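First comes the structure, then the notes that go with it.
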Protein chains: 4
Amino acid sequence: MSINKVILVGNLGKDPELRYTPSGAPVATFSLATSERYKDRNGEQQEKTEWHNIVAWRQLAEICGKYLHKGKQVYIEGKIQTRKYQDRDGNDRYITEIVADQMQMLGGRGDEGGGAGYARQSSAAPRGDQRPAAGGGQKREPSRDDFEEPPFNPDDDIPF
Amino acid sequence: MSINKVILVGNLGKDPELRYTPSGAPVATFSLATSERYKDRNGEQQEKTEWHNIVAWRQLAEICGKYLHKGKQVYIEGKIQTRKYQDRDGNDRYITEIVADQMQMLGGRGDEGGGAGYARQSSAAPRGDQRPAAGGGQKREPSRDDFEEPPFNPDDDIPF
Amino acid sequence: MSINKVILVGNLGKDPELRYTPSGAPVATFSLATSERYKDRNGEQQEKTEWHNIVAWRQLAEICGKYLHKGKQVYIEGKIQTRKYQDRDGNDRYITEIVADQMQMLGGRGDEGGGAGYARQSSAAPRGDQRPAAGGGQKREPSRDDFEEPPFNPDDDIPF
Amino acid sequence: MSINKVILVGNLGKDPELRYTPSGAPVATFSLATSERYKDRNGEQQEKTEWHNIVAWRQLAEICGKYLHKGKQVYIEGKIQTRKYQDRDGNDRYITEIVADQMQMLGGRGDEGGGAGYARQSSAAPRGDQRPAAGGGQKREPSRDDFEEPPFNPDDDIPF
DNA sequence: TTTT
DNA sequence: TTTT
């Protein structure tokens with residue numbers, strides 16, 4: 001009954017940090033900058049930068065930890081989450097983070113080891129399985145009533 | 001290196017059609033209306049309706065076939081796909097569709113059997129498994145360096 | 001070179017507050033709830049609610065102040081912004097808000113005065129002008145090389 | 001009561017075409033490629049490319065015509081629109097296009113004249129005015145109850 | 001027709 | 001703390 005979606009394209013301020021929960025779940029965190037440019041009243045070019053706290057879990061955490069680095073331009077899709085914590089004096093504090101479920105490397109023309117790529121956090125899948133998916137197979141020409149099946153479902157012939 | 005994302009909120013023009021490929025993969029199709037309102041030059045309220053061809057596969061297809069119906073308001077997230085087909089005269093024709101990977105029922109205040117709900121097509125998961133995910137577990141109070149783990153990953157205690 | 005976009009569908013926790021800057025700019029603020037449902041390890045239905053601080057300016061602020069109310073379901077599009085402030089003890093605190101640039105009323109079948117509607121904050125326009133746009137005019141049948149012009153640009157005949 | 005939103009990151013297949021309606025409204029059209037990569041059943045890397053017909057109007061058309069070119073990577077935000085036309089034989093045909101309302105140049109590190117930038121099509125504004133917006137002004141330190149006003153609204157002091 |  |  002509700003939607004909570006964030007789409008960001010920005011640059012990492014630092015290398016990601018990859019850590020693990022006691023039970024072994026990988027968590028990557030990094031900060032991502034987005035910038036707005038505008039002209040002030042004197043007509044001078046100004047820039048305002050926003051810093052986003054990104055959190056990625058499991059398979060996506062590992063991909064972030066492995067491939068992302070300071071300065072890298074990425075597309076992030078996820079949701080907003082605010083969590084409460086106590087500071088040293090025991091007062092309630094809040095921090096807002098973006099829990100990523102998709103990450104797409106952008107830019108990186110030749111200057112990158114491996115170049116651009118895409119990763120998705122399957123929210124329902126048991127942790128661990130996030131292979132880029134099988135797919136393909138021989139395709140006949142589509143006819144009027146065909147639906148072309150997505151690549152990741154290779155065994156099916158379409159009946160209409 | 002690229003993003004193809006569609007977000008729609010609209011109403012179904014008819015009940016969905018649920019069909020199966022020869023190998024047994026479910027496919028649901030339906031048309032979804034979105035409308036723009038505007039005032040014409042005479043100041044009269046006008047409306048322009050856009051019809052979208054929605055296609056859902058596998059688990060999401062079954063959910064659509066089961067819960068959606070004519071008039072229902074839904075949120076759809078997916079990608080644009082244009083496929084080619086031959087018409088009766090053998091000429092190439094093209095049709096553009098939205099391949100859904102998320103669907104969220106909206107509205108439906110009491111007038112619905114089951115009310116609103118959410119479903120996601122995991123792009124990587126082997127077809128079939130799309131249970132709404134386990135989750136929860138006993139939670140201690142988060143501390144300064146906590147990250148609250150998503151509900152679907154219940155076994156992990158967070159170490160920071 | 002960057003994108004900062006948020007899309008929310010949720011319900012207002014309270015009526016909006018509409019205030020004005022000294023120079024007369026309207027600002028509306030309200031909190032918006034989005035909820036995730038999931039099954040815990042015992043198979044019981046659980047719900048996690050996220051509260052978002054929404055800020056709207058100018059024309060959009062006035063529309064929000066006038067038409068929204070506690071419980072109303074809305075679509076919000078905007079950007080994430082974190083601002084710093086000092087608490088009573090002079091310590092730096094941060095709060096993250098969603099600066100809305102589009103708002104769309106959802107749901108509200110008959111129970112609303114005026115029903116659903118749409119509003120957009122033009123980022124470049126001088127404050128004040130946000131009429132739903134003129135448009136329309138007599139339309140001839142589009143031909144092969146037509147582009148149908150958007151409704152808000154009524155004077156143009158399309159030359160191709 | 002409905003949402004029709006498309007978000008694309010892709011590359012131009014050709015230079016844009018910039019044309020004008022009889023009344024002088026600029027229209028830019030170009031095709032944009034998005035690609036999905038996947039592994040087929042033999043584990044071989046495959047790619048599927050989707051071509052999108054992009055249409056931009058007025059100020060945004062001119063910016064596209066001026067700054068975009070074949071191969072350029074861009075972010076496009078807009079809506080889906082299907083229009084009907086008659087082919088040479090008088091049969092009804094349909095074409096689906098993305099009517100852009102935002103465009104953001106991506107990538108382009110050093111190899112571009114002018115580099116990356118951002119442009120928005122104000123849907124309500126009279127055609128023509130799309131200057132990147134004034135803004136800024138001297139800012140005092142925000143206090144607990146401040147809202148930082150957007151840069152494009154320079155005259156206002158915030159009263160809370 | 002693009003890009004990696 | 002990034003990027004252009």
Side-chain angles (χ1 to χ4, degrees), chain A residues 8-17 29-39 44-54 64 67-76 98 103-119 132, chain B residues 1-4 80 82 84 94, chain C residues 1-4 80 82 84 94, chain D residues 8-17 29-39 44-54 64 67-76 98 103-119 132:
Chain A
L8 301 171
V9 175
N11 299 278
L12 276 79
K14 289 186 182 175
D15 290 349
E17 290 183 44
T29 57
F30 55 91
S31 59
L32 191 74
T34 59
S35 309
E36 262 189 295
R37 256 155 254 161
Y38 61 94
K39 283 212 179 71
E44 287 177 73
Q45 194 69 13
Q46 297 294 338
E47 188 173 270
K48 187 184 171 198
T49 295
E50 195 64 39
W51 287 98
H52 309 271
N53 303 305
I54 313 292
C64 290
Y67 294 109
L68 300 189
H69 55 77
K70 178 176 174 173
K72 184 82 183 127
Q73 186 186 35
V74 294
Y75 168 95
I76 291 286
I98 309 306
M103 186 274 296
Q104 164 80 57
M105 290 174 260
L106 298 173
R109 21 189 82 210
D111 63 331
E112 302 292 336
Y118 173 86
Chain B
M1 194 85 183
S2 57
I3 297 296
N4 174 356
I80 301 174
T82 298
K84 191 187 191 173
Y94 297 87
Chain C
M1 194 89 181
S2 57
I3 298 296
N4 174 357
I80 302 175
T82 299
K84 191 187 191 173
Y94 298 87
Chain D
L8 301 172
V9 175
N11 299 277
L12 276 80
K14 289 187 182 173
D15 291 349
E17 290 184 45
T29 57
F30 55 92
S31 59
L32 190 74
T34 59
S35 309
E36 263 188 294
R37 255 154 254 160
Y38 61 94
K39 282 214 180 72
E44 287 177 73
Q45 194 70 12
Q46 298 293 339
E47 189 174 88
K48 187 186 172 196
T49 295
E50 195 65 38
W51 287 98
H52 309 271
N53 304 305
I54 313 292
C64 290
Y67 294 110
L68 300 189
H69 55 77
K70 178 176 174 172
K72 184 80 182 129
Q73 187 186 35
V74 294
Y75 168 95
I76 291 285
I98 308 305
M103 186 275 296
Q104 162 82 57
M105 290 175 260
L106 299 173
R109 24 188 81 209
D111 63 330
E112 302 292 336
Y118 173 86

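Because the structure is a prediction, the values reported are computed rather than measured. So you know, we letter chains A, B, ... as the sequences are listed, proteins then strands, and number each from 1.
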### Message
Expressed as a whole number of angstroms, how long is the span from Y67(A):OH to dT4(E):C1'?
### Response
14 Å
## Note on the structure
Taking every heavy atom of G10(A) against every heavy atom of S2(C), the minimum-distance pair comes out as CA-CB, 4.3 Å
### Message
If I take atom CG in residue N11(A) and atom C1' in nucleotide dT3(F), what distance separates them, rounded to the nearest angstrom?
### Response
4 Å
### Message
Going by centres under 5.5 angstrom and planes under 30 degrees, do the aromatic ring of W51(A) and the base ring of dT1(F) stack?
### Response
yes
### Query
In terms of the nearest nucleotide of DNA chain F, which residue is placed more toward the 5' end: L32(A) or E47(A)?
L32(A)
### Query
Could you state the NZ-P distance from K84(B) to dT1(E), rounded to the nearest angstrom?
12 Å
### Query
What integer distance in Å separates E50(D):CD from dT4(E):P?
20 Å
### Task
Using atom CD of E17(D) as one end and atom P of dT1(E) as the other, report the distance to the nearest whole Å.
15 Å
## Note on the structure
Picking from dT2(E), dT1(F), dT2(F), the nucleotide nearest the side-chain atoms of T49(A) would be dT2(F)
### Summary
H52(A) atom NE2 is separated from dT3(F) atom C1', nearest whole Å, by 13 Å
### Task
Establish whether the base of dT1(F) is bridged to the side chain of S31(A) by a donor-acceptor pair shorter than 3.5 Å.
yes
### Task
Could you tell me whether a side-chain N or O of N11(A) sits under 3.5 Å from a main-chain N or O of A33(A), the two making a donor and an acceptor?
no
### Query
How many angstroms lie between atom CG of L12(A) and atom CD1 of I54(A), to the nearest 0.5 angstrom?
8.0 Å
### Message
Whole angstroms only, please: what is the NZ-P distance between K72(D) and dT2(E)?
### Response
17 Å
### Task
Return the nearest nucleotide to the side chain of K70(A); candidates are dT2(F), dT1(E), dT3(E).
dT2(F)
### Query
Taking all non-hydrogen atoms of both residues, which atom of C64(D) and which atom of P16(D) are closest, and how far apart?
O-CG, 3.5 Å
### Summary
Q104(D) atom CD is separated from dT4(F) atom C1', nearest whole Å, by 10 Å
